[in-house]
Every structure is written in C-alpha cells, then in structure tokens.
Amino acid sequence: TMALLTLRLEGDPILRKKAKPVREVTPHVKALLDAMLETMYADQGVGLAAPQVGRLRRLITVDVGDGPYKMVNPEILERSEEQQLDIEGCLSVPHFNGTVYRPKRVTVRYTDENGEEQTVEAEDLFARCLCHEIDHLNGILFRDLVDEVIDMENPSDEQIAYMQEHHLLPEKSDAEETPSAAEDEEA
C-alpha cells in the first residue's frame, strides 16, 4: 500500500481555490488518483477531490458502493430539474452535517485513468457525490449550500421535525407491517 495523503481541513485556503485542469494523464497523475482512492477508503469516505489532499488539480475519486471511479477533469453536462434533499458530510469539514439540495440525476463527462473520455449518467447518491466533489474543484464546500444544519449525535426537536417533514428519518415501526409501502417511497 502507498502512503496515505494528509487531509486538508476547512480553514485551509487551498479548499477555497479553483483547481487547474490536468493536461495529460501521466504516471504521476495515475499514482495521485490511486493514493487519493486509498486515502478516501481509509477515512471511510465515498468521494475525495484533489484539493482536499492539497493538490490544486481537477481530479476526483468516488465510490458509492458500485466500484471506484477515478475522474480527471470531470464536468457536469446536464442536471435534472428534479432535486433531491439529503444529509451530507465531508472529510474536510469534520463533525458537521447538514442537508443539501442536489440534482436527482446528472450527466458527467470525464477522462479516465487511461486517458479515454467517458460519460456517466448518475442518480441519487452517486449524483450527489459527483456534485459535492466537483464543487470542491471550484472552491465550494457543502457548508455553503446547507439548507438545515443537522446535529447527527444529538439532533434538536426542530431538526428531528425537519428530518421527518423531508422523509430523512427511517420510517416508524408501523412501516414494518407494510414493507411494500416503504419500498414504494424509495422508488
């Protein structure tokens, strides 16, 4: 295994800068992507952007459970009108969570680690993660976009009411009798 990279935390000026495009996928770029992925997994993240490890390059790694993506110069081509609201966190903003509206679906074009141009259609968590990571490349932190701050350890009554209103809490036990209804809501 390679050395893990050091995470930069909120307050570090690099997180507010715009990352520069990568001209060519060199062995150095590939090694950086590999190290980013290792670092992301070690910190139990689902996404990581190069500025979070102190590199101002347009590189992200993402894995929401269906295998790793290593993306060079990713850009969002299309965003759905339909939005999704969910709770986000960030490796660079520890001990802070809040809800963010994101497009339900996005189309992202990027160059892969072999230098080939790719396009991916992402939805739900994958779309959310891509938006969050591409924001990092533009100096945007999710805190800037938060609709409601949520204390995950000890949510206030207001935060619980907000989460209930927006269907962000697991359904009450009566949902166990009708699992099909709960599944329909997910669709």
Side-chain angles (χ1 to χ4, degrees), residues 4-19 36-37 39-56 58-66 69 71 74-76 78-106 108 122-175 182-187:
L4 296 179
L5 304 169
T6 305
L7 280 173
R8 301 298 183 90
L9 301 181
E10 189 177 24
D12 190 314
I14 200 166
L15 294 172
R16 292 304 189 174
K17 296 191 163 108
K18 205 169 154 73
M36 283 172 58
L37 198 63
T39 302
M40 181 187 96
Y41 288 139
D43 288 302
Q44 278 142 24
V46 292
L48 191 68
Q52 292 182 272
V53 290
R55 314 295 201 282
L56 269 183
R58 299 188 81 81
L59 299 169
I60 67 173
T61 56
V62 172
D63 187 351
V64 297
D66 53 358
Y69 284 81
M71 299 188 174
E75 60 175 315
I76 298 173
E78 285 178 58
R79 304 162 192 263
S80 64
E81 296 270 317
E82 190 184 353
Q83 300 278 300
Q84 52 164 326
L85 180 72
D86 211 339
I87 299 167
E88 291 190 21
C90 179
L91 295 175
S92 292
V93 191
H95 316 299
F96 177 82
N97 297 93
T99 56
V100 179
Y101 283 97
R102 300 279 188 190
K104 187 161 171 60
R105 288 175 303 282
V106 292
V108 172
E123 58 180 41
D124 300 325
L125 180 59
F126 189 19
R128 172 175 299 281
C129 193
L130 288 172
C131 291
H132 178 121
E133 298 314 325
I134 291 168
D135 276 351
H136 274 299
L137 303 181
N138 297 318
I140 297 164
L141 295 177
F142 90 102
R143 186 196 285 278
D144 308 340
L145 310 172
V146 161
D147 186 61
E148 183 80 22
V149 175
I150 305 289
D151 179 346
M152 299 296 277
E153 299 295 311
N154 195 10
S156 67
D157 290 347
E158 289 85 357
Q159 291 172 355
I160 290 168
Y162 172 94
M163 288 190 285
Q164 282 171 333
E165 183 191 339
H166 293 285
H167 311 294
L168 298 175
L169 289 176
E171 294 297 316
K172 295 275 192 305
S173 57
D174 61 5
E183 280 166 23
D184 290 347
E185 267 185 43
E186 298 285 281

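This chain uses plain numbering: 1 for the first residue, then up along the sequence. None of the values given here were measured: they were computed from a predicted structure.
- Two residues are said to be in side-chain contact when any heavy atoms from C-beta on lie closer than 4.5 Å; N138 and R58 meet this criterion.
- Looking at heavy atoms from C-beta onward, V100 lies out of side-chain contact with C131 at the 4.5 angstrom threshold.
- The two residues L137 and P51 come nearest to each other via the heavy atoms CD2-CD, 3.7 Å.
- Of the possible polar contacts, none joining the D12 side chain to the L15 backbone as a donor-acceptor pair under 3.5 Å is found.
- Residue L4 comes nearest to A42 through the heavy atom pair CD1-CB, 3.6 Å, listed as atom of the first residue, atom of the second, then distance.
- Between the side chain of R143 and the backbone N or O of E10 there is no donor-acceptor pair closer than 3.5 Å.
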Open item on the list: Between V64 and D66, is the side-chain contact (heavy atoms from CB on, under 4.5 Å) condition met? List the steps.
Closed with: CA-CA 6 Å; V64 297; D66 53 358; 3.8 Å; yes
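- Taking CD1 of I134 as the reference point, atom CD1 of I140 lies at 11.0 Å (rounded to 0.5 Å).
- At a threshold of 4.5 Å between non-hydrogen side-chain atoms, the residues L169 and I160 count as touching.
- Of the options Q164, E158, H166, a side chain to side chain contact (heavy atoms under 4.5 Å, CB included) to Y162 is made by H166 and by none of the others.
- With values rounded to the nearest 0.5 angstrom, L125 atom CG is found 9.5 Å from L130 atom CG.
- Formation of a donor-acceptor pair under 3.5 Å by the Q159 side chain with backbone atoms of V149 is found in this model.
- Although no hydrogens or angles enter the test, the distance criterion places no donor-acceptor pair under 3.5 Å between the side chain of E148 and the main chain of T99.
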TODO: Starting from the C-alpha separation in whole Å, work towards a yes-or-no answer on side-chain contact (heavy atoms from CB on, under 4.5 Å) for T39 and Q52.
DONE: CA-CA 11 Å; T39 302; Q52 292 182 272; over 6 Å; no
Task: Verdict with reasoning, I60 to H136, per side-chain contact (heavy atoms from CB on, under 4.5 Å) - done: CA-CA 9 Å; I60 67 173; H136 274 299; over 6 Å; no
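- D135 CG to D144 CG: the interatomic distance, rounded to the nearest 0.5 Å, is 8.5 Å.
- Shortest non-hydrogen contact noted between P155 and M152 is CD-O, 4.1 Å.
- Side chains of V46 and H132 form no contact here, defined as non-hydrogen atoms less than 4.5 Å apart.
- Distance check, rounded to the nearest 0.5 Å: CG of D124 to CG of D86 gives 9.5 Å.
- By the 4.5 Å heavy-atom criterion applied to side chains, L48 and L7 are counted as neighbours.
- Using modelled atom types, no side-chain atom of E78 and backbone atom of V106 make a donor-acceptor pair closer than 3.5 Å.
- Closest approach of L5 and R55 over heavy atoms only: CD2-NH2, 3.7 Å.
- A distance of 5.0 Å separates CE of M40 from CG of L37, quoted to the nearest 0.5 Å.
- In this structure, Y69 and F126 have tilted ring planes: the angle between them lies in the 30° to 60° band.
- In this structure, M71 and V62 have side chains that are not in contact, with every pair of non-hydrogen atoms separated by 4.5 Å or more.
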- [ ] Any chance you could lay out the side-chain contact (heavy atoms from CB on, under 4.5 Å) test for S80 and E123, step after step, and finish with the verdict?
- [x] CA-CA 9 Å; S80 64; E123 58 180 41; over 6 Å; no
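- Atoms CD1 and CZ, on I87 and F142 in that order, are 10.5 Å from each other to the nearest 0.5 Å.
- Formation of a donor-acceptor pair under 3.5 Å by the R102 side chain with backbone atoms of A127 is not found in this model.
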